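What follows is a set of notes on a single structure, which appears directly below.
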Amino acid sequence: MDSLYFDQGASSFPKAPGVGEAMAHYVTNNGANINRGTYSSAAQAGLTVLETREMLAELFHFSEGVERVIFTPGATWGLNTLLRGFLKPGDHVIVSSMEHNAVMRPLRDLEKTGVTFDRIPANSAGETKGEDMLPLIKNNTKLVMVSHASNVSGTLFPLEAAARICAEHQLPLAVDAAQTAGHVDIDFSKLQLAALCVPGHKGLLGPQGIGALLLRRDFADKLRPLITGGTGSASDSEVQPDFLPDKFESGTMNLPGIFGLHAALEFIKKTGLENIHKKEQEQTAKLLSLLKPLAVNLVGPCDANKQVGVVSLDFTNMDNGTAAFQLEQQFGIMTRCGLHCAPNAHKTLGTFPRGTVRLSLGCFTTEEDLKRVADAVKALSINSVCG
């Protein structure tokens with residue numbers, strides 16, 4: 001029985017064509033660090049790094065300068081840089097009700113120092129109205145930090161409405177695009193974002209261990225680096241450089257990861273983000289239509305226009321953990337079960353503490369894959385009722 005990977009929300013698989021080859025090429029044929037040498041292989045690696053920054057800037061309509069496209073070890077690192085590097089004791093933050101622990105755990109730590117936060121309310125499908133953040137704005141509100149789409153239900157946050165409100169109140173808007181980067185179009189300039197945090201290994205179809213943080217000029221100036229150290233620049237000083245990207249890129253970069261991400265971004269550009277989005281939206285609608293008649297509860301909006309390709313199931317006559325185990329053991333389908341590092345999202349959706357079985361698709365998912373998943377869920381739900 002062939003395995004079927006339906007956990008794209010955790011990490012994409014397969015990766016974009018050429019990712020592994022690009023990483024192997026760097027490790028086998030280059031191996032040099034950038035900013036540390038003037039020889040040809042270091043210059044070649046530096047050019048690939050620059051091109052990758054440029055491709056990220058183009059993909060996200062980012063016009064603040066490629067030096068403000070900062071490479072990170074992943075989205076969690078970038079989010080910690082944002083929150084810990086910007087907030088001070090006494091500051092207030094507005095977040096959504098659907099945040100991942102990559103946002104909430106740093107905030108809980110900062111809460112001990114006097115930082116406070118409020119959550120924008122959402123309905124039982126995880127849907128939020130932009131105007132519902134208005135009553136939460138205080139004199140000491142310094143940041144609005146929201147997840148663009150839920151990793152539990154796929155529910156999209158009303159980013160444009162929030163952006164308008166933030167602009168009116170001169171509040172910086174930072175976005176966690178872990179579930180939307182590479183899936184939907186994100187226009188940094190149009191939304192007037194202060195910061196955008198993306199992982200390289202999910203919708204961008206690159207390897208684990210690489211991500212990016214895109215920073216608006218004025219916001220970057222106010223941000224303190226999380227890590228300081230060697231950058232290969234200003235080596236005559238023991239003080240961290242204040243110019244970008246060096247200010248936020250201390251230590252040896254994950255160059256194999258950047259080479260892999262470079263190849264993935266080339267694939268996305270060649271394929272067309274609009275084509276990827278259209279296909280995934282159609283497949284999300286198809287999957288929802290196949291699952292709706294079955295004896296399981298669908299969690300979230302159940303509308304492909306209101307969510308990304310993340311669909312959570314709550315089995316009515318079987319423990320969700322057992323269901324996820326049986327989906328792999330009997331049908332070869334790999335899913336993600338539990339609370340998905342987002343406990344308040346599950347509380348909002350009414351699935352705490354039991355969690356859900358999450359199905360998440362990607363740009364390489366086929367119609368046959370969708371039918372196989374639906375048939376397996378149907379067989380399990382029928383057997384659980386009869387048994």
Side-chain angles (χ1 to χ4, degrees), residues 1-14 97-98 100-101 122-127 147 149-155 178-179 183 202 280 283-304 306-362 364-387:
M1 177 175 52
D2 293 335
S3 294
L4 179 56
Y5 184 78
F6 248 74
D7 196 17
Q8 305 289 342
S11 192
S12 59
F13 184 79
S97 295
M98 306 296 286
H100 188 277
N101 276 343
N123 64 20
S124 60
E127 297 170 310
S147 173
S150 168
N151 71 308
V152 177
S153 61
T155 312
Q179 296 298 327
H183 297 290
K202 298 190 182 188
E280 291 182 352
Q283 292 194 326
T284 302
K286 178 68 173 177
L287 180 60
L288 288 167
S289 69
L290 290 171
L291 294 174
K292 281 179 181 178
L294 306 183
V296 291
N297 291 327
L298 294 179
V299 178
C302 300
D303 183 342
K306 297 180 179 180
Q307 65 187 92
V308 293
V310 174
V311 177
S312 267
L313 308 178
D314 187 10
F315 282 75
T316 56
N317 293 286
M318 178 185 290
D319 176 76
N320 286 325
T322 301
F325 178 77
Q326 293 300 332
L327 281 171
E328 182 181 11
Q329 292 297 304
Q330 295 185 35
F331 305 99
I333 299 169
M334 293 174 276
T335 64
R336 169 78 188 276
C337 181
L339 293 174
H340 311 94
C341 299
N344 201 73
H346 279 278
K347 291 175 183 177
T348 302
L349 298 163
T351 52
F352 186 87
R354 64 188 180 279
T356 59
V357 178
R358 186 185 70 183
L359 306 166
S360 47
L361 54 85
F364 299 120
T365 304
T366 67
E367 292 281 331
E368 291 75 18
D369 295 339
L370 300 177
K371 187 175 185 305
R372 180 174 162 186
V373 166
D375 288 345
V377 172
K378 181 178 181 180
L380 274 188
S381 59
I382 290 174
N383 289 338
S384 66
V385 172
C386 294

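As the structure is a computational prediction, the values presented were derived from the model and not from experiment.
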Side-chain touch Leu380/Phe331, heavy atoms, less than 4.5 angstrom: yes

Note: Ser11 and Lys202 closest approach over all heavy atoms is CA-CG, 4.3 Å

Atom pair CD/CZ of Gln330 and Phe325 - distance to nearest 0.5 Å: 9.5 Å

Check: Leu361 and Thr284 side chains under 4.5 Å, non-hydrogen atoms: yes

A quick test of your reading: do over 12 heavy atoms of other residues, nucleotides or ligands sit less than 6.0 Å from NZ of Lys371? no

Close side-chain approach of Ile333 and Val377, heavy atoms under 4.5 Å: no

For a quick test of reading the model, state the closest non-hydrogen atom pair linking Ser153 to Pro301 and the distance between them. O-CD, 4.2 Å

Taking all non-hydrogen atoms of both residues, which atom of Asp369 and which atom of Phe364 are closest, and how far apart? OD2-O, 4.2 Å

Under 3.5 Å donor-acceptor, Asp314 side chain and Thr356 backbone: no

Separation between CD of Gln179 and OG of Ser147, rounded to the nearest 0.5 Å: 7.0 Å

Nearest heavy-atom approach of Cys341 to His100 is CB-NE2, 3.4 Å

Would a distance-only check, ignoring hydrogens and angles, find a side-chain to backbone donor-acceptor pair under 3.5 Å from Ser124 to Gly350? no

When you compare the side chain of Thr335 with that of Arg358, does any pair of heavy atoms fall below 4.5 Å? no

Might you point out which heavy atoms bring Gly126 and Thr155 nearest each other, and give the distance in Å? O-CG2, 3.3 Å

Do Leu313 and Val299 have side chains that approach each other closer than 4.5 Å (heavy atoms only, starting at C-beta)? no

To the closest 0.5 Å, what do you measure between OG1 (Thr322) and CD (Gln329)? 11.5 Å

Could you label the plane-to-plane angle of the His346 and His340 rings as parallel, tilted or perpendicular, counting under 30° as parallel and over 60° as perpendicular? parallel

Can you check whether Thr365's main-chain N or O pairs, donor with acceptor, with Gln283's side chain at less than 3.5 Å? yes

Donor-acceptor pair, Lys292 side chain versus Cys302 backbone, under 3.5 Å? yes

In the structure I gave you, are the side-chain heavy atoms of Val308 and Ser360 within less than 4.5 Å of one another anywhere? no

Report yes or no: does Gln8 contribute a side-chain atom to a donor-acceptor pair with the main-chain N or O of Phe13 at less than 3.5 Å? yes

Are the side chain of Asn320 and the backbone N or O of Gly355 linked by a donor-acceptor pair below 3.5 Å? yes

For the CG atom of Leu327 and the CE atom of Met334, what is their distance to the nearest 0.5 Å? 11.5 Å

Begin from the C-alpha positions of His183 and Val310 and carry the test side chain to side chain contact (heavy atoms under 4.5 Å, CB included) through to its verdict. CA-CA 11 Å; His183 297 290; Val310 174; over 6 Å; no

Between Leu359 and Leu291, is there a side-chain heavy-atom distance shorter than 4.5 Å? yes

Could you walk me through whether Met98 and Leu349 pass the side chain to side chain contact (heavy atoms under 4.5 Å, CB included) test, one step at a time? CA-CA 9 Å; Met98 306 296 286; Leu349 298 163; 3.9 Å; yes

What is the minimum heavy-atom distance between Ala323 and Val357, and which atoms define it? CB-CG2, 4.3 Å

Mind checking the CD-CD spacing from Glu127 to Gln307? Nearest 0.5 Å is all I need. 9.0 Å

Does the side chain of Asn317 reach to within under 4.5 Å of the side chain of Ser381, using non-hydrogen atoms? no

